[in-house]
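Please read all numbers here as calculations on a predicted model, not as lab measurements. Numbered from 1 within each chain, the chains take letters A, B, ... in sequence-line order.
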Amino acid sequence: MSSTGNAVTTAISLSAEATRRIDEIVARYPTPHAAMLPVLWIVQREQGWISPEAMEWIGDRLDCSAASVEAVVGFYTMFDAAPVGKYKLQVCRTLSCELMGARKLIDHLRERLGVEPGDTTDDGMFTLQEVECLGSCGTGPMLQCNFRYHENLSLERIEALLDELRCAEPTDEVTPVIHDRPSRDAYREMFPTSGR
Amino acid sequence: MSAPKILMQRGLDHPGTSHKLETYEATGGYRAVRKALDMDPLAVQQEVKTSGLRGRGGAGFPAGMKWGFTPRDSEKPKYVVCNSDESEPGTFKDRWLLENDPHTVIEGIMIAAIAIDCHLAFNYVRGEYSYQGMCFQAAVDEAYANGYLGKGIFGSDYDLDLVVHYGAGAYIAGEETGLLESLEGRKAMPRNKPPFPAVEGLFWCPTVINNTETLAAVPWIIENGGDAYAQYGTEKSKGTKMWSCSGPINKPGVYEVEFGVEMMGFVEEYCGGLIDGIGLKGIVPGGSSVPVMRPEQCQGARMDYEGLLERGSLVGSGGFIVIGDNVSAVDCLLNLARFYAHESCGQCTPCREGCGWIEQLVGEIRNGSGRQANLTKVLELADAMAGKTICALADAMAWPAVAFIKNYPEDFAELCEGDVDLDALEEAVSRHDHIL
Ligand SMILES: Cc1cc2nc3c(=O)[nH]c(=O)nc-3n(C[C@H](O)[C@H](O)[C@H](O)COP(=O)(O)O)c2cc1C
Ligand code: SF4
Ligand code: FES
């Protein structure tokens, strides 16, 4: 199946490799529409977000309207319908992580980055987001930075991570960074104290 | 409290290499699927029925029986879908399997496919699991390269393809029919049932959907026999279960034990007890959706389907969340209410309105402006939600709401504005706790 046969009306600049992979993936599913999520992933990986032009293009490619592509993009939290920072910091805020200090971690990040969850720093470096359980509940508090998990975090480790990210370029690395458990003192700084 | 390790033995014995095909085959892997290829598909199903294996994704439905619901002589293609969406708060066992023993999951998918005559299978991996999806894909690639997937698997005339499909961040995509919608490229809005997926599922064709851990148990069952598996566990809870343990404990992590172990012994022996200076407030044993248990309910509780039900809770997905006495029950419930309000897909009014309303009412209590009427309202809403919607997400909000208020009324009373009449609150709880 090649994209030349379709009425692709809107030009978006995808690499040859990306269009080749899209063709391959569409062919793997019983209907073109079923390739929606994988195709969105390829486009977002390459362009950083899903632009209105990209929605048009995908709609044409998968035989559906741009509006239905937009609805799907809006439904799933990992798709971005607007550009995001160079690093997307997604901190888990769900119960197990909250029990281990996620709230303090998020407050610390808000203060250090000077942004509220959902916003991007003025220099375009960091987007801060609160997200729900990421399946690292035993190694919380934790966050996902682009495609990589950072687990067993403490306030100190967050500082070190921000420093490290500031002087590096984003990579495609996905292998999780799992620290040793924070010290008791670090926990004392972070643990909730709302109990009786 | 030593236990047979059916699911985790290879990973524990071969750290760092257990995910490789070479290790997998050297430790007996891909023998069961060869055996299954020579068996009558109905005999494969029967073996799984005999084992007593129940679904590990949350609902605990007997796996072999589910496979048996697919029609034998269908004109349409049939599908097997592995559910690796793993998004139930507190649960991270499927992650362990995808990282450490992906070939077991693949072999389980193969056997399920053979048992129902399916030639195209999917693994739906949550979008955030980039690393785990990569581990699983690498194993799939190894299997293809060796002729274990694709045309004529293992030199037979049976064709089977396996596609890894990533989600993109939506708890509700873990609900089986939401997952099917998602896999078809739409919003993950659960479907009305019936029809059940076994009859009309993916692309409206017969489909078996099982959790990753469920499928991972299948190779062992086919290799050793359903009777051998059924020797582990208790009367109605057969085999072993992987518990994902989190909270202020000394040794968080995933532990596989036979069904039926005693809960506080498990906390001490496996979880390493609570962190020094923190006392036990309660345990949510089966993932965020199941009712919380007070310490006295935990003491002596048997960790299996009946044992937990007897103590007012459920096995669920086995997300074992230990809660310390340093946190208020109000914060716990508020956290979960925010979660369910955020994750409700919005198509049923009781769920869409109820989750958001409960979040608001508990939030008011948290910031000191809530009153006793807030609690009564939460209980009424929970009652009006449970069992009245398209999927069980509404129940998953209702159960913890009632259980947290029932078990920790003093925490709620403390933060309410004005005095709370605890007797009246108890009476209100007793009017609505029939949903538990
Ligand atoms: C709101 C909701 C979320 C669910 N999330 C998951 C999930 O993440 N993973 C999973 O395996 N099952 C999940 N389930 C259960 C599935 O609907 C389904 O019962 C299960 O995948 C069937 O497999 P099993 O019989 O092997 O457990 C969820 C159910 C509900 C109601
Ligand atoms: S119960 Fe909630 S999540 Fe489930 S289908 Fe209805 S609105 Fe959607
Ligand atoms: S609660 Fe944070 S990863 Fe599960």
State which residues pass side chain to side chain contact (heavy atoms under 4.5 Å, CB included) with B/His165; sequence neighbours excluded, sorted by chain then number. A/Tyr29, A/Leu37, A/Pro38, B/Tyr124, B/Leu183
Residue-level contacts of residues 90-97 of chain A with chain B, using a heavy-atom cutoff under 4.5 Å: A/Arg93, A/Thr94, A/Leu95, A/Ser96
Which of the residues B/Ser182, B/Gly277, B/Ala170 is involved in the greatest number of heavy-atom pairs with chain A at under 4.5 angstrom? B/Ser182
Verify the neighbour count for atom CZ of A/Arg21: are there more than 12 heavy atoms of other residues, nucleotides or ligands below 6.0 Å? no
Applying a strict 4.5 Å limit to non-hydrogen atoms, the region of B/Glu86 in contact with chain A is neither
B/Arg126, part contacting chain A, at a heavy-atom distance under 4.5 Å: side chain
By a 4.5 Å heavy-atom criterion (distance strictly below it), what part of B/Phe122 contacts chain A: side chain, backbone, both, or neither? side chain
Salt-bridge criterion met for B/Arg95 and A/Glu151 (N-O under 4.0 Å): yes
Between the CD1 atom in B/Ile323 and the CD atom in A/Glu98, the distance rounded to the nearest 0.5 Å is 10.5 Å
What's the verdict on side-chain contact (heavy atoms from CB on, under 4.5 Å) for B/Arg186 and A/His33, showing C-alpha distance, side-chain angles and the deciding distance? CA-CA 8 Å; B/Arg186 290 184 291 272; A/His33 199 272; 3.7 Å; yes
Say you draw a straight line from OG of B/Ser87 to CG of A/Leu134; how long is it, rounded to the nearest 0.5 Å? 9.5 Å
Given heavy-atom pairs under 4.5 angstrom as the criterion, report whether the side chain, backbone, both or neither of B/Ala329 touches chain A. neither
Residue B/Phe203 versus chain A: region with a heavy atom under 4.5 Å: side chain
Any donor-acceptor N or O pair under 3.5 Å, side chains A/Thr193, B/Asn326: no
Please list, in residue-number order, every residue in residues 135-148 of chain A that has a heavy atom less than 4.5 Å from any heavy atom of chain B; write 'none' if there are none. A/Gly135, A/Ser136, A/Cys137, A/Gly138, A/Gln144, A/Phe147
Between the NZ atom in B/Lys251 and the CZ atom in A/Arg181, the distance rounded to the nearest 0.5 Å is 11.5 Å
Is it the case that more than 12 heavy atoms not belonging to A/Asp122 sit under 6.0 Å from its CG atom? no
N/O donor-acceptor pair under 3.5 Å between A/Ser194 side chain and B/Val327 backbone: no
Most contacts with chain A, counted as non-hydrogen pairs under 4.5 angstrom, among B/Ala188, B/Gly324, B/Gly253: B/Ala188
First locate atom OG of B/Ser130, then atom CE of A/Met78, and finally report the distance between them rounded to the nearest 0.5 Å. 6.0 Å
Heavy-atom distances under 4.5 Å only: say whether B/Ile172 touches chain A with side chain, backbone, both or neither. side chain
Counting only non-hydrogen atoms closer than 4.5 Å, does B/Val322 touch chain A with its backbone (N, CA, C, O), its side chain (CB onward), both, or neither? backbone
Over 12 foreign heavy atoms within 6.0 Å of CD, A/Glu70: no
Determine the option with the most heavy-atom pairs under 4.5 angstrom with chain A, choosing from B/Phe92, B/Tyr166, B/Phe320. B/Phe92
Whether over 12 other heavy atoms sit under 6.0 Å from A/Glu159 CD: yes
Pick from B/Asp94, B/Asp276, B/Val284: which one has the most heavy-atom pairs with chain A under 4.5 Å? B/Asp276
Contact class of B/Cys245 relative to chain A, heavy atoms under 4.5 angstrom: backbone
How would you list all residue pairs meeting ring pair (Phe, Tyr, Trp, His ring centres under 6.0 Å) that involve residues 70-94 of chain A, not counting sequence neighbours? A/Trp41-A/Phe79, A/Tyr87-A/Phe126
Compare every heavy atom of B/Ile275 with every heavy atom of A/Phe191, then report the nearest pair and how far apart it is. CZ-CD1, 4.1 Å
Considering non-hydrogen atoms only, spot the tightest contact between A/Cys133 and B/Gly90 and give its length. SG-N, 3.8 Å
Within this structure, what is the CD-NE2 distance for the pair A/Glu132 and B/His342, rounded to the nearest 0.5 Å? 6.0 Å
Non-hydrogen atoms of chain A under 4.5 Å away: do they reach the side chain of B/Ser288, the backbone, both or neither? neither
Could you tell me which portion of B/Leu415 (side chain, backbone, both or neither) has an atom closer than 4.5 angstrom to a non-hydrogen atom of chain A? neither
